[in-house]
Amino acid sequence: MSASAAGRQFEERGMQLPGKGQLATLRRAALAQFEAQGLPGRRVESWRYTDLSALSAKPFDYVVAAPPAEVVARAADAVTALALDPDATRLVFVDGNWVEALSSLNSEPGLVVNLLGRKPDALLAGEVPGESALAALNRAFARDGAEILATGAPTRPVEIITIGSGRGLAPQLRFRLKLSRGARLAVVEHRLDLAGAEEAWLNSVTDIDLADDSSLELMRLQRHGMNQYSTGLSRIRIGANAKLFAGSVEAGGRLVRHELEILLDGPGAAADICSLALTQGREHCDLRIAVDHRAPRTTSRQNARSIANDASRSIFNGKVTVREHAQNIDARQENHSLLLSARAEVDSKPELEIYADQVACSHGATVGELDEDALFYLRSRGIEDREARALLTEAFAAVILERFGNDAYRARARAAAREWLAAHAGTSG
Amino acid sequence: MSMLDIRNLYVSVDGNEILEGLDLTVRPGEIHAIMGPNGSGKSTLAQVLAGRDNYSVTRGEIVFQGRNLLDMAPEERAAAGLFLAFQYPIEIPGVNNTYLLKAALNAQRRARGEPEVDAFDFMRLIRETMKTMQMPEEFLQRSVNEGFSGGEKKRNEVLQMLVLKPSLAVLDETDSGLDVDALKVVAAGVNSLRDPQRSMILVTHYERLLELIVPDFVHVLAGGRIVKSGDKSLARELDARGYDWVLKEARAV
């Protein structure tokens, strides 16, 4: 008899998940690993500010069935509202199930997309020893996802849209991205939901491998409602002279945990991460970035900003590890937070572990309210107090948004941030 | 009617009295220079005029064009025609320079019941003013004062002033940190605004600015009060002899 709700469900309905024999054994092992660890809480150092243990008591449905037509119809409207490039490769998952009718697998030279729901072997492959409880839970219940292989330089981004319908479901999605030597790819992940009445939880795991000299732009735009829990782990290996740009805007969700584990594995590998987290109400957003400089001449940039209103909470945990033989490293981290309410809370936890000696490493963190000097300056030019505050709040976010190099993504990110600021920070929109 | 009447003004910061009974009257069209040793209260006066709230006015009054200035918010003072060129202009990352100019101009126009400026007219005005101030156009797309050199920041202050066309301009050490050529550009910009209806208060340490922007009156501020007033020749005398003799005279009175 399993201890957790997830375990009991696995016993009762696990046979409905794709894959038999060896794969079922793999799932069972993953479940055992999950149950041994339990959902992470404050006793785990990297989860010091976010406690998921309460989620295990919630009656989520982990063995998610395909969504009914009514849900798909509403999801279709949500996809239309995104106004995506009609020629881009588009993968739409509703409640964790790939929906063919909303997706388009346009053929582009140098790009191959495999649907993992149809390939259970590939779906569960790539086990990582000692992986986290959330990754194990994901492996135990995964039923869908996609594998994206880039060998050339497709001109359009791949858009991945995950939509939750808020029906008490806890889908487990898996993605795999592989860029061959010299390949270039842009991927935009949209996470949203249909504001359902019941709580829901999306847990995703993404494994990314960047071969030497390749380049990936990984962008994410999250706009969840108050009933949605969202956890996402990306494990990224970056080869020699390969480059990653990871941009994200988190603009909603009851609880959001976004984790990037980045391994700079070859000389000259580079990672540039820019994140903007916007929280209000009772939302909780936790961004964790762990960069492991394992090879010499590798660089990393972490640039995270958050704006917190009401009684929300925003967390940044940025870790940089430089291994003993990794010389000539350049690692920089900046985290700045703006509090719009006395009840909001921001936690910033930089961690540096450096075992090499030729390292340029810096970090800076600030938490505060709007700059009084800047506010007075604007008002002295005739701009009203309220407008000046809105302008400075927008400017605080703009510093991150301006760093997004992809024009289409920057425009979307800007629009999402403006909409949020107009709704929750008194700006004019 | 006076442009500005300051009567018996006492101002303190964190319990320390900085201005102690300052009187000053500025009529339309006049240029007044305020000089004085460091710490005499010159910048405090400039900040109080613009409405900075961490100064407390404990006595006295300031009347600006017939209105009680101390009752007005900083943005109301700006809309009424008061402009402060900051001694240390503030950097505002993420706010575009052009955007600030347009937002400021339109906010002031709205407050005065005027229509917003036409986008085409605005750009023409900005381009012309940039030329006057010898600033490259790329400054328009940069964040306000971010990464500007000291001299560029001062030019940007005067640029804003030329766009906003205030009736009373207070320039707080706009000459400090400028080389001779930049000083000439700034002075030409300021002089282009001279008008029988417009007044200026120049806060400065140096007489060289007053050779280029010739004041009608020169005042020495010391110990929180104006201790001596004269015409432009007083500035030359101060430049040659320093402040000690003025301070001695003031103590003797």
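Nothing here was measured: the structure is a model prediction, and the numbers come from that model. So you know, we letter chains A, B, ... as the sequences are listed, proteins then strands, and number each from 1.
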**OP:** Count the heavy atoms of every other residue, nucleotide or ligand shown that sit under 6.0 Å from CZ of B:Arg67, and state whether that count exceeds 12.
**Re:** no
Original post:
With respect to chain A, which residue among B:Ala107, B:Gly94, B:Pro74, B:Ala78 yields the maximal number of heavy-atom pairs within a distance under 4.5 Å?
Top reply: B:Pro74
Original post:
So does B:Asn68 have more than 12 non-hydrogen atoms from other groups sitting under 6.0 Å from CG?
Top reply: yes
Original post:
What part of A:Glu384 gets closer than 4.5 Å to chain B, counting heavy atoms only: side chain, backbone, both or neither?
Top reply: both
Original post:
Do B:Ile92 and A:Leu391 have side-chain heavy atoms sitting under 4.5 Å apart?
Top reply: no
Original post:
Using non-hydrogen atoms only, which part of A:Ala398 is less than 4.5 Å away from chain B: side chain, backbone, both, or neither?
Top reply: side chain
Original post:
Out of B:Gln160, B:Gln108, B:Glu76, B:Glu91, which one racks up the most heavy-atom pairs below 4.5 Å with chain A?
Top reply: B:Gln160
Original post:
In terms of heavy-atom proximity below 4.5 Å to chain A, should B:Ala111 be classed as side chain, backbone, both, or neither?
Top reply: neither
Subject >> Whether over 12 other heavy atoms sit under 6.0 Å from B:Arg109 CZ >> reply: yes
Original post:
Atom CG of B:Leu49 and atom OG of A:Ser380: how far apart are they, to the nearest 0.5 Å?
Top reply: 12.5 Å
Subject >> Heavy-atom proximity to chain A below 4.5 Å, by part of B:Arg52 >> reply: both
**OP:** Kindly check if the number of other-residue, nucleotide or ligand heavy atoms within 6.0 Å of CZ (B:Arg194) is above 12?
**Re:** yes
Original post:
Take atom CD in A:Glu351; do more than 12 heavy atoms of anything else shown fall under 6.0 Å from it?
Top reply: yes
Original post:
Roughly how far, to the nearest 0.5 Å, is CG of B:Asn106 from CD of A:Glu387?
Top reply: 9.0 Å
Original post:
Can you name the closest pair of heavy atoms from A:Arg381 and B:Leu84 and give their distance?
Top reply: NH1-O, 2.8 Å
Original post:
If you count heavy-atom pairs under 4.5 Å between each of A:Val399, A:Ile400, A:Ile383 and chain B, which one has the most?
Top reply: A:Ile383
Original post:
What is the ring orientation for B:Phe86 with A:Tyr377, classed by angle as parallel under 30°, tilted 30 to 60°, or perpendicular over 60°?
Top reply: perpendicular
